[in-house]
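Reviewing the structure listed below.
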Protein chains: 2
Amino acid sequence: MTAQVLNGKKTRGSGVDIIQVAQCAGVSPATVSRVTNGRSTVAKHLAKKVWRAIEELGYTPNPQARALVSGRSRVLGLLVSEITNPFFPELMQNFEDVAGKHDFEVMVGSTNYNRERAKIFIRRLVQRRVEGVAVMTFRAESHFLDELIAENIPLVTIDVSADAARSLVLEVDYAQGIDEAVQHLALLGHRWIGFASGPMPHLTNVRRKDAFVRAAKRIGLAAEKAPVFVGDHTFEGGTQAALYFLGLKPRPTAIVCSNDMMAVGVLRVMAERGIQVPRDMSVIGFDDIHLAEFINPPLTTVRMSRQELAKAAFHGLQQLWTEKSPGSRNAIHVGTRLVVRQSTDSPREAAEALPRKPRVRKARMRPVLA
Amino acid sequence: MTAQVLNGKKTRGSGVDIIQVAQCAGVSPATVSRVTNGRSTVAKHLAKKVWRAIEELGYTPNPQARALVSGRSRVLGLLVSEITNPFFPELMQNFEDVAGKHDFEVMVGSTNYNRERAKIFIRRLVQRRVEGVAVMTFRAESHFLDELIAENIPLVTIDVSADAARSLVLEVDYAQGIDEAVQHLALLGHRWIGFASGPMPHLTNVRRKDAFVRAAKRIGLAAEKAPVFVGDHTFEGGTQAALYFLGLKPRPTAIVCSNDMMAVGVLRVMAERGIQVPRDMSVIGFDDIHLAEFINPPLTTVRMSRQELAKAAFHGLQQLWTEKSPGSRNAIHVGTRLVVRQSTDSPREAAEALPRKPRVRKARMRPVLA
DNA sequence: TTGTATGCGTTATCAC
DNA sequence: GTGATAACGCATACAA
């Protein structure tokens, strides 16, 4: 029963429109519009009166009318690959937060690695006239994006450029965190480290693996033949990787995983086999999903900041909006870093085998053979 | 370079409007509108021609224009309490899927138990003229909803009614699954079972706890003094609960938790103390979050179906839309059920103490004292 | 059954 | 700086 009828006219929703505000403030609708849009060409005292009227009437501009006349929907798209992967919800929230601060709404869609789902979602995006899309899918499934590209919608992707005029790529520095991970292990005394990779055609996984191989080489460990198992970034992939490494003749003393879910799978196998982590085997993940600190033992992992990623994605879109010529565009850099928890330690036989670098950060190095 | 200029007029976005379609099909705009809106009052052969024109020109109706003239935004709101709780992303996806099938977009917001966040999000909802909101927050924070109620926006809540004209409540049948859980434990031979509750003023937690107490009573176990620890539905709350139950004089042989995160906390404490689950302690969770099957050991838990919940929420809104008189409205029922995994087993001393029901489903009952 | 005309609430283009 | 006024793209009341 909140002033549903005003001026003999039914009011729906917020009910009050720009004309009523104008009347109440004693100005023209145009001036009200200028005020709500932050145009600086309005006299102070008039703006004041307009704001007062807005306050008094509880006026909120109608977004659909605005969008219609301005051609800008103030809606963004966010495409992720699987919402059940804890990495993404955090990313979504951070993206929505930045977007919201700039008065954008965001449509989120999870492909679940399903081509059809992606297509349907993208269709919805163009139908709703989104002003930009962040494709946070870590896959080069750019054929999904054809419709977006055809509509000339600004696009921000990860790792691999969309090959479109109005697009921009976020370059994740995998090497940074993976270097830290390998050095961390080397310092602990590990000399034979396995890498559980994600599915191989995907660029992001190639990069993670290459970063590992280079890091291992650089550290002087495992020469060029660091053992690599190609999994699929799932829990099951992790169990398979664990089984593979456990079967190796000289068994690795540590496993670095291409993502956290695989690390969780590895942990499960170790637990089932009675192999203590980290005493008998060190494990490192990648992503730092929420779960990483709740699993047993808490997972040492490489963190890729969701907040940084979200901000970079939004700013990338901003860049594309304000950009005149699609020329001088440079990729946006996103860092990674190691987070040490409790799934890494010195290997049991390490202390005497490697007496040369006894100094390890914390006092977590165990006494010999104890 | 996709037909950006048509008829000497710059086309933006999908570019083609209802008038062009009308011309192309040789009918009036009104007829095109009737066709796209599925009005049955259009002659078959004309509709055919219209569809052909739509196809040919790649026409998609402008949602903002539609919303403006019809007064219906085709946008819904979804409010959850914390996006990092794996329960919610699944719920979100399911809700978006149902909504999407009916041509609705959904704005999701996570309060993170932060009053200010909720307020801000709700303001955005009314500004965007959402047609309905699903409040899946499991809390009676109805003061958040005042603005929604004042705008007379259809509201679906969980457990506790919003006390608004156009609202409806989803009644989750906690007792159903919790009964199953307690009976499952009783069948395994447990007679002294602890309950780790969520924060107590909240109705949902009261209901879960009451369901447990009643189930325990009904089963004839633990008389009326089943031990209850009031935690806070977080991982830490779970560790505290575990410590509490471990300190009890006759130590419970099983712990039922009010949600999965607490169960995960319990599991962690058990692991740290070297207490084997399920051999030395059985643990049951509630929710069946994704993580439940990946934790060690996989968690026996009560599943509350996200899909069922999402569908119920949407159908609730539909009901509110089509409803004439806000009278004959009945709550929507949502069930729960036990999912048995590997965190439950017979207590060690059970077999001789309770010889009466030796038959347990799978062959998971251990030999006495082995 | 189909077409014509009006209006939805706002921004933008002009004059002033 | 400020105010009229014409779009924006569509649904719909009404006329035919």
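Order of the sequence lines fixes the chain letters, A, B, ..., with proteins taken first and strands second; residue numbering starts at 1 for each chain.
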Problem - Whole-Å gap separating P (D:dG9) and CD1 (B:Ile54) - result: 16 Å
Practice task
Please work out if B:Val32 contacts a base, only the sugar-phosphate, or nothing of the nucleic acid, heavy-atom cut-off 4.0 Å.
Solution key: nothing
Handout entry: Options C:dT4, D:dA4, C:dT11, nucleotide nearest the side-chain atoms of A:Ser70
Key = C:dT11
Problem - Atom-to-atom span, CD of B:Gln20 to C1' of D:dG9 - whole angstrom - result: 11 Å
Problem - Whole-Å distance separating the CZ atom of B:Arg34 from the P atom of D:dA13 - result: 11 Å
Exercise for the section: Look only at the side chain of B:Asp17 and the backbone of B:Gln20, and say whether a donor-acceptor pair between them is shorter than 3.5 Å. Expected result: yes
Exercise for the section: Give a yes/no answer on whether the side chain of B:Arg66 brings an N or O atom under 4.0 Å of OP1 or OP2 in D:dC10. Expected result: no
Problem - Check: B:Arg166 side chain, B:Trp321 main-chain N or O, donor-acceptor pair, under 3.5 Å - result: no
Problem - Euclidean distance, atom CD of residue A:Gln64 to atom P of C:dC8 [Å, nearest integer] - result: 15 Å
Problem - Dot-bracket encoding per residue of DNA chain D, Watson-Crick/G-U cut-off under 3.5 Å, | denoting interstrand - result: ||||||||||||||.|
Completion exercise
Residues passing the side chain to side chain contact (heavy atoms under 4.5 Å, CB included) test with A:Ala134, sequence neighbours excluded, are A:Leu78, A:Phe95, A:Met136, A:Ala313
Exercise for the section: Taking only the side-chain nitrogens and oxygens of B:Ser33, find out if one of them lies under 4.0 Å from OP1 or OP2 of D:dC10. Expected result: no
Handout entry: Pairs satisfying side-chain hydrogen bond (donor to acceptor under 3.5 Å, both in side chains), at least one member in residues 115-128 of chain B, at least two apart
Key = A:Gln93-B:Arg117, A:Asp97-B:Arg117, A:Glu105-B:Arg124, B:Arg115-B:His143, B:Arg123-B:Glu147
Completion exercise
Atom CD of B:Gln127 and atom C1' of C:dG9 are separated, to the nearest Å, by 15 Å
Handout entry: Note, B:Glu131 side chain near B:Val75 side chain (heavy atom, < 4.5 Å)
Key = no
Practice task
Please identify each residue that fulfils side chain to side chain contact (heavy atoms under 4.5 Å, CB included) with A:Asp163, with sequence neighbours left out.
Solution key: none
Handout entry: Under 3.5 Å donor-acceptor pair, A:Arg129 side-chain atoms to D:dG9 base atoms
Key = no
Problem - Side chain of A:Ala30 (C-beta onward), nearest among C:dA12, D:dC10, C:dG3 - result: C:dA12
Practice task
Select base, sugar-phosphate, or nothing to describe what A:Pro61 touches, counting heavy atoms under 4.0 Å on all strands.
Solution key: sugar-phosphate
Exercise for the section: Could you tell me which non-hydrogen atom of A:Leu168 sits nearest to which non-hydrogen atom of A:Gly316, and how far apart they are? Expected result: CD1-O, 3.9 Å
Completion exercise
Looking only at C:dT2, D:dG9, C:dT11, the nucleotide nearest the B:Leu68 side chain is D:dG9
Handout entry: Euclidean distance, atom CD1 of residue B:Ile19 to atom P of D:dA7 [Å, nearest integer]
Key = 12 Å
Exercise for the section: For B:Ser28 and for B:Ala65, locate the closest nucleotide of DNA chain C by heavy-atom distance; then report the residue assigned to the nucleotide nearer the 5' terminus. Expected result: B:Ser28
Problem - Expected output: side-chain B:Asn85 to main-chain B:Phe87 donor-acceptor under 3.5 Å - result: yes
Exercise for the section: Taking all non-hydrogen atoms of both residues into account, name the closest pair between B:Val334 and B:Ala312 and its distance. Expected result: CG2-CB, 4.0 Å
Practice task
Let me know the distance between CD1 of A:Ile18 and P of D:dG3, rounded to the nearest Å.
Solution key: 12 Å
Under 3.5 Å, which donor-acceptor pairs link side chains of residues 46-57 of chain A to any protein atom two or more places apart or in another chain?
none

Completion exercise
B:Asp17 CG to D:dG9 C1', in whole Å, measures 7 Å
Exercise for the section: Give, ordered by number, those residues of residues 36-52 of chain A having at least one heavy-atom distance below 4.0 Å to an atom of DNA chain D; if nothing qualifies, reply none. Expected result: A:Thr41, A:Val42, A:Ala43, A:Leu46
